[in-house]
Amino acid sequence: MRAEGVTTKTPAVRTAVVWGALRSVLAERARAVGRDALDIVDAGGGTGGFAVPLAELGHTVTVVDPSPDSLAALERRAKEKGVGVRGLQGDAADLGDLLDRDSADLVLCHSVLEYVDDPAGALAAVAGLLRPGGAVSVLAANPVASAIHRALAGQFDEARAVLADPRGTWGDRDPTPRRFTAETLSGLLTATGFTVGAVHGVRVFADLVPSRLVDGEPGAADALVALEQAAAVHPVLRDVATQVHVLGHRP
């Protein structure tokens with residue numbers, strides 16, 4: 001879900017919580033396997049917003065994405081940064097056909113489950129890629145936040161529809177086919193054989209704060225990041241975030 005809010009400095013604000021969680025997972029996995037360079041798959045990784053920085057950290061990264069245009073942009077971005085990232089064209093359901101079983105330490109599944117035909121099947125394919133002890137990072141749109149944003153836009157009937165719809169959509173024109181609460185996302189991970197780890201709310205305030213309050217004040221972006229990090233684990237605020245982030249571990 002692309003909500004409106006800060007723009008110029010938002011990328012760091014919007015992804016700070018996820019990167020914090022990933023850093024912890026990567027450090028823990030590196031200690032467990034005794035090597036710093038990990039094998040990472042980014043399912044639906046698009047133009048490499050996560051993949052390229054992970055490659056810059058020294059990891060071996062493969063992006064699987066259905067869009068040839070996105071993969072071309074990924075190649076350009078990686079080349080500009082002087083790193084290599086392998087790009088493969090395919091959907092999340094194709095992971096088992098494109099990559100070897102038990103070949104990954106970490107799989108990113110960000111903004112994917114909302115759009116695939118079979119979310120459980122996609123996570124099962126992810127589980128097949130992971131080595132024992134590996135982790136999946138799942139990021140998905142939250143229906144509660146969608147209701148809040150529709151209401152703030154004056155679309156009150158659509159906001160109510162989100163809350164009533166089992167898939168968390170507000171109507172036929174909704175570009176997002178489904179959304180997940182922390183509970184439903186955790187349940188889906190459990191049902192596909194994962195042990196659920198940390199749960200975070202992502203973009204609790206970042207999509208609501210006007211850009212002038214961030215871009216025009218020295219230190220405001222850093223302060224907003226700190227606020228996002230605190231809100232990400234708050235028992236109430238976490239559940240109204242634009243996105244839900246859940247870590248799953250393969251036993």
Side-chain angles (χ1 to χ4, degrees), residues 8-65 67 70-90 92 95 98-112 125-140 194-195 197-203 206 221-222 224-226 228-229 232-233 243-250:
T8 305
K9 297 180 180 178
T10 331
V13 172
R14 286 179 171 169
T15 60
V17 168
V18 178
W19 274 112
L22 291 180
R23 281 193 290 270
S24 296
V25 168
L26 292 169
E28 180 180 341
R29 182 63 176 169
R31 287 193 297 269
V33 300
R35 52 186 168 83
D36 293 330
L38 301 177
D39 297 313
I40 300 174
V41 175
D42 190 349
T47 61
F50 280 91
V52 171
L54 286 168
E56 289 183 281
L57 292 175
H59 302 295
T60 301
V61 186
T62 299
V63 171
V64 177
D65 195 275
S67 169
S70 293
L71 292 175
L74 163 70
E75 184 178 359
R76 291 193 296 271
R77 175 181 278 184
K79 185 176 181 179
E80 288 173 0
K81 295 296 184 178
V83 297
V85 176
R86 181 169 61 153
L88 298 175
Q89 187 173 356
L95 290 173
L98 295 171
L99 297 165
D100 292 336
R101 188 174 181 83
D102 298 342
S103 61
D105 296 294
L106 172 67
V107 176
L108 308 187
C109 189
H110 295 173
S111 301
V112 170
V126 167
L129 294 185
L130 285 170
R131 298 175 178 128
V136 60
S137 169
V138 181
L139 186 66
F194 290 96
T195 299
V199 179
H200 300 97
V202 177
R203 292 156 57 188
D222 291 338
L224 182 54
V225 166
E228 286 287 337
Q229 290 170 332
V233 294
Q243 294 173 305
V244 178
H245 181 245
V246 182
L247 292 171
H249 301 273
R250 181 185 168 188

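Both backbone and side-chain heavy atoms feed into the values below; hydrogens, waters and symmetry mates do not. Starting from 1, each residue takes its place in the sequence as its number.
- Pairing each heavy atom of Ser137 with each of His245, the nearest pair is OG-NE2, 2.7 Å.
- Under the 4.5 Å side-chain criterion, counting only non-hydrogen atoms from C-beta, Leu38 is not in contact with Leu106.
- What you find for Gly87 and Leu74 is that their closest heavy atoms are CA-CD2, 4.3 Å.
- Proximity of a side-chain donor or acceptor of His110 to a complementary backbone N or O of Leu139 within less than 3.5 Å is not detected.
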*Verdict with reasoning, Phe50 to Ile40, per side-chain contact (heavy atoms from CB on, under 4.5 Å)*: CA-CA 11 Å; Phe50 280 91; Ile40 300 174; over 6 Å; no
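- In terms of heavy atoms, Ala51 sits closest to Val61 at CB-CG1, 3.7 Å.
- Across all their heavy atoms, Gly46 and Asp65 have their closest contact at N-OD2, 2.9 Å.
- Val64 approaches Gly90 most closely through the heavy-atom pair CG1-O, 3.5 Å.
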*Give the intermediate values and the outcome of side-chain contact (heavy atoms from CB on, under 4.5 Å) for residues Leu99 and Val41.*
CA-CA 9 Å; Leu99 297 165; Val41 175; 3.8 Å; yes
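- Atom OG1 of Thr47 and atom CZ of Arg77 lie 4.0 Å apart (nearest 0.5 Å).
- Exactly one of Val233, Val246, Val138 qualifies for a side chain to side chain contact (heavy atoms under 4.5 Å, CB included) with Val199. That residue is Val246.
- Contact record, Ala21 with His200: CB-CE1, 3.9 Å, taken as the closest heavy-atom pair.
- Within a 6.0 Å radius of CG in Asp102, more than 12 heavy atoms belonging to other residues, nucleotides or ligands are found.
- Within the 3.5 Å criterion, the main-chain N or O of Gly133 finds no donor-acceptor partner in the side chain of Arg250.
- The NE2 atom of His59 sits 10.0 Å away from the CZ atom of Arg35 when rounded to the nearest 0.5 Å.
- In this structure, Asp105 contributes its side chain and Asp39 its backbone to a donor-acceptor pair below 3.5 Å.
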*Report the C-alpha separation of Arg31 and Glu28 in whole Å, then their side-chain angles, then the decisive distance to 0.1 Å, and conclude whether the side-chain contact (heavy atoms from CB on, under 4.5 Å) test is met.*
CA-CA 5 Å; Arg31 287 193 297 269; Glu28 180 180 341; 3.9 Å; yes
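- Between atom CG of residue Asp36 and atom CG of residue Leu26 there is a gap of 10.5 Å, rounded to the nearest 0.5 Å.
- Side chain of Arg101 to backbone of Leu129: no donor-acceptor contact under 3.5 angstrom is found.
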*Decide yes or no on side-chain contact (heavy atoms from CB on, under 4.5 Å) for Leu54 and Asp42, but give the supporting numbers first.*
CA-CA 10 Å; Leu54 286 168; Asp42 190 349; 5.9 Å; no
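- Proximity of a side-chain donor or acceptor of Glu56 to a complementary backbone N or O of Lys81 within less than 3.5 Å is not detected.
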